[in-house]
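Notes follow once the structure below has been shown.
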Amino acid sequence: MKKISFEVEESGFYGAYWKNKNKSNSALIAMLGDDPSDYLAKTCVKWLHKNGVNVMTMSPAKRITDITITLRSA
């Protein structure tokens with residue numbers, strides 16, 4: 001599966017476009033979980049490709065990988 005990734009900073013949203021290797025005139029936008037490239041998204045993409053659909057997987061926001069904790073004293 002060939003994928004084109006989109007980042008919030010550059011494109012304004014977090015997602016991936018998965019082009020079906022077979023010619024298709026249909027597409028679906030799928031909002032699944034918190035990462036457009038996780039197991040759930042990839043499984044959905046594979047199933048939709050078998051049914052002749054191009055897929056765009058999107059997430060509401062990019063996953064937070066670094067957590068910063070700031071402690072304030074009263």
Side-chain angles (χ1 to χ4, degrees):
M1 291 186 301
K2 185 177 179 180
K3 127 180 141 166
I4 302 170
S5 296
F6 298 93
E7 297 294 328
V8 176
E9 297 82 17
E10 299 162 5
S11 305
F13 66 95
Y14 183 49
Y17 178 72
W18 307 81
K19 184 174 180 175
N20 194 339
K21 64 181 177 182
N22 300 320
K23 190 173 181 179
S24 176
N25 290 330
S26 60
L28 178 78
I29 297 173
M31 296 195 69
L32 305 165
D34 60 351
D35 190 347
S37 299
D38 66 3
Y39 180 78
L40 176 64
K42 287 180 182 178
T43 303
C44 178
V45 168
K46 286 179 185 179
W47 185 81
L48 287 166
H49 279 181
K50 287 180 186 176
N51 289 286
V53 180
N54 294 311
V55 185
M56 166 80 80
T57 54
M58 296 178 68
S59 293
K62 188 170 183 176
R63 182 183 289 182
I64 299 172
T65 55
D66 296 326
I67 297 174
T68 304
I69 299 173
T70 305
L71 299 175
R72 294 185 189 181
S73 57

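The figures here come from the full heavy-atom set of this structure, side chains too, leaving out hydrogens, waters and symmetry mates.
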Quiz item: Rounded to the nearest 0.5 Å, how far does CE of M58 lie from CD1 of I29?
Solution: 6.5 Å
Self-check item: H49 (side chain) donor-acceptor with W18 (main chain) under 3.5 angstrom
Solution: yes
Quiz item: Apart from L32 itself, what residues make up its hydrophobic cluster when side-chain heavy atoms of I, L, V, M, F, W and Y under 4.5 Å apart count as a link, directly or indirectly?
Solution: L40
Practice problem: Over all heavy atoms of both residues, which pair between P36 and T57 is shortest? Give the atoms and the distance, please. | Solution: O-OG1, 2.9 Å
Practice problem: Can you measure from CG (N51) to CG (N22) and round to the nearest 0.5 angstrom? | Solution: 11.5 Å
Practice problem: Report the residues that fulfil side chain to side chain contact (heavy atoms under 4.5 Å, CB included) with N54, sequence neighbours left out, ordered by chain and then residue number. | Solution: Y17, K19, N20, S24, A27
